[in-house]
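Below, each value reflects all heavy atoms present in this structure, side chains not excepted, and no hydrogens, waters or symmetry copies. Order of listing sets the numbers, starting from 1, for every ligand and every atom in it.
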Amino acid sequence: MDFEFRGVRGTFPTPEKDRSRYGGHTTCSSLRLGPNDYIVVDAGTGLRGLGDRIMSEAGAADIRVDLLLTHFHLDHILGFPFFAPLFSPRAVVTVHAPGDPRDTQSALAGLMAGRYFPMELGRTVARKEFREFEPGTPSGSVRASSCPLRHPQGSVAYRLETGGSSLVLATDTEHPESGVDERLAAFAAGADWLVYDAMYTPAEYDAGKRGWGHSTWLAGTRLAAAARVGTLVLSHYNPAHTDADVDRILEAARERFPRTLAATQGLGLGKE
Ligand SMILES: [Zn+2]
Ligand SMILES: [Zn+2]
């Protein structure tokens, strides 16, 4: 597995210097299957740099990208119009998302329509396909599956399995009042990595963030223990949190679940 975080921030990009060590781009990650073949999860602002890298790696070769969207909140799609392969005649970009693919297409086309963007999606030269996500093999030898999450307007977790490794991304989900989300625990069971929504501290959550669809590092440690995952990876950071805040969150989480990492932009998982 050759997985890399391209954006680890939730809600809104953070160019501030005191948030740059963990990274300011919104959520996007990639699984590289070959020089011109990628599975990408979410199209936050981190997608732009990935697109540029794919183009420079590919040279004159054909490019294949399977983009798996978890949902359509802006922090998960804002990089889409700036994804260089869309403008390459050698690229095939297949967008997989929950629900009717016509809705997916119109949501993404809307980002590039009218006054929002200089080039309409329909005029970009890549071959584009829109599909309702179905469990199976979107690309290469990777098996993907999904699980609904507790989030306003809905979101999903994805599980990616390849070469004996498994990774679950659950970046936008609210934990239940008590216990853990049993459906998600079953879905993440035994995964090598569980990437989890660390948007709020427990104190912030209790002070008025119930119902906003996000979770805490503490709920993440409970879920990681219940699902017996190898490593908990905190991500989807609050834009208000500085690097020092995330350092403290990581330290607190490690006291509960020692095998915890905090995702940084550019962090790779599963590379040999
Ligand atoms: Zn989000
Ligand atoms: Zn969301």
Side-chain angles (χ1 to χ4, degrees), residues 3-16 19 22-30 39-50 67-83 95-99 103-104 106-108 110-111 133 146-160 167-176 181 183-184 187-188 193-201 204-205 208-220 223 232-242 245-246 249 262-265 267:
F3 178 90
E4 192 170 326
F5 289 97
R6 308 288 173 168
V8 295
R9 196 63 59 172
T11 310
F12 197 80
T14 59
E16 294 88 343
R19 273 146 253 212
Y22 285 98
H25 278 306
T26 68
T27 186
C28 175
S29 49
S30 64
I39 289 180
V40 178
V41 180
D42 278 334
T45 62
L47 184 68
R48 183 176 182 276
L50 173 62
L67 172 61
L68 276 54
L69 293 177
T70 60
H71 64 311
F72 294 85
H73 286 164
L74 284 174
D75 50 328
H76 297 255
I77 59 169
L78 202 52
F80 185 78
F82 305 90
F83 188 46
V95 183
H96 309 253
D103 294 341
T104 298
S106 75
L108 295 175
L111 268 183
F133 175 80
S146 72
C147 171
L149 296 174
R150 301 156 52 91
H151 196 63
Q153 294 96 40
S155 180
V156 296
Y158 286 113
R159 181 172 179 133
L160 304 174
L167 182 143
V168 171
L169 290 134
T171 55
D172 294 63
T173 192
E174 186 158 355
H175 51 280
D181 179 344
R183 183 172 55 182
L184 179 56
F187 180 73
W193 298 279
L194 168 62
V195 180
Y196 191 74
D197 181 349
M199 174 72 96
Y200 301 126
T201 64
E204 287 166 345
Y205 182 76
K209 295 301 184 184
R210 263 189 187 77
W212 281 79
H214 290 289
S215 194
T216 68
W217 61 264
L218 180 60
L223 182 71
L232 169 66
V233 188
L234 304 175
S235 192
H236 201 281
Y237 304 124
N238 193 321
H241 287 171
T242 64
D245 292 329
V246 179
I249 285 169
T264 54
Q265 203 170 293
L267 175 70

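When the salt bridge (charged side-chain N to carboxylate O under 4.0 Å, His left out) test is applied to Asp103, no partner is found at least two apart in sequence or on another chain. Residues satisfying the salt bridge (charged side-chain N to carboxylate O under 4.0 Å, His left out) criterion with Arg159, sequence neighbours excluded, are Glu161. When the salt bridge (charged side-chain N to carboxylate O under 4.0 Å, His left out) test is applied to Arg6, the partners found at least two apart in sequence or on another chain are Glu4.
Remark: aromatic rings of Tyr22 and His241 are distant, center separation not under 6.0 Å.
Less than 2.8 Å away from the Zn ion (ligand 1), the protein contributes these N/O/S atoms: Asp75 OD2, His76 NE2, Asp172 OD2, His236 NE2.
The atom name of the N/O/S atom in His151 closest to the Zn ion (ligand 2) is NE2.
Note on ring orientation: taking the six-membered ring where Trp is involved, the planes of His214 and Tyr200 are perpendicular (angle over 60°, cut-offs 30° and 60°).
Under 3.5 Å, the side chains of His236 and Thr171 contain no donor-acceptor pair of N or O atoms.
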